[in-house]
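I have placed the structure first, in the form of structure tokens, so that the comments after it can refer back to it.
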Amino acid sequence: MLSADFHIHTKFCDGADTPEQMADEALRLGLKALGFSGHVESGVVMDVSAYFTEIGRLQQQYKGKLDIIRGVELDNLYDPAAAADAEYVIGSTHYIDASHIGDQASAGFVRAGEHGDIKTSDVWPVAVDSSPEQMRVLGEQIYGGDYYKLSKDYYELEAHVADRIHPTFIGHFDLVTRYNDQMHYLDESDNRYLRPALDAMEYLVSKDIPFEINCGAANRGRKKELYPNMTLLRALYGFGGRIIINSDAHDKSRIAACFDKAQAAALSCGFRYTDVLAHDEDGSVVWKQIDLRGESSGHGNV
Ligand SMILES: [Zn+2]
Ligand SMILES: [Zn+2]
């Protein structure tokens, strides 16, 4: 089994367990590295400085046993300054910016500034992963039932994540399909869906940003497929993209959950290596590569 996981939530944001409980469980599972990635976004309130302090304390406590890395999951629409003290940043797109389309106010959405916690006040962030009801309002009221236009806007925004927040890697690339297994609003093999997704993917690969294989929906039974789905994962390999395998655990029972499935998916798409993060001897965080069939080799700066 892969012995590292870099997408971990705790009680500081919307997780169920404390960072220490998560670290203890990671050790018990035999992990060598654990990256904490508290949410920094408009929909989840987190005391970022208290969070960094606690992760820093655990880095000392577990030194020599577990390589703890202090990260955040920063939303694409959020102010990147909030993540300045992070050792790595997951660039995730949870929202569509509905500022240029539809009647946002009558649909009951709230302008970003009105949340009081985001700097870009001209944005109307509408989550694609908060509930089926919200997704239906977004798709029907804002997009007039055109979910292909919705997914196109999603991927166009996601492509900008590289320049907006300079992430270490991309989180759950095709989150816009979060409710598609139950609601069937997109045919994920239709070119109207695939073309914009592939354009965004190709652009992000050209920026040399790895993509996570995110097991969070699969390991919670929310979706059959991983993020990205097999079609997109195959395309990622074709573009020469890099991967990192993560659980997106919100409680300790999900740490490294579904990694076997992710590993098998990666191998079947042609990937031989997965990337992991690690502290180097001088304390900086670097990329390393793990052979999906066994050995490790090589590293570079994050
Ligand atoms: Zn996320
Ligand atoms: Zn997450």
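What you are looking at is a predicted structure, and each value in this text was computed from that prediction instead of being measured. One-based numbering, in listed order, for ligands and for the atoms of each.
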| field | salt bridge (charged side-chain N to carboxylate O under 4.0 Å, His left out) contacts touching residues 189-198 (sequence neighbours left out) | value | Asp190-Arg192, Arg195-Asp199

| field | the Zn ion (ligand 1): protein N, O or S atoms that are less than 2.8 Å away, sorted by chain | value | Glu73 OE2, His94 NE2, His172 NE2

| message | Less than 6.0 angstrom separating the ring centers of Tyr155 and Phe173, yes or no? | response | yes

| field | Test: Glu25 and Arg28 ion pair at under 4.0 Å | value | yes

| message | If we count only N and O atoms by modelled type, under 3.5 Å, do the side chains of Asp248 and Asn214 hold a donor and an acceptor together? | response | yes

| query | Are any of the side-chain heavy atoms of Asp181 and Arg222 separated by less than 4.5 Å? | reply | no

| So, Lys288 and Asp275, do they make that salt bridge, N to O below 4.0 Å? | no

| query | Of all the N, O or S atoms in His9, which one sits nearest to the Zn ion (ligand 2)? | reply | NE2

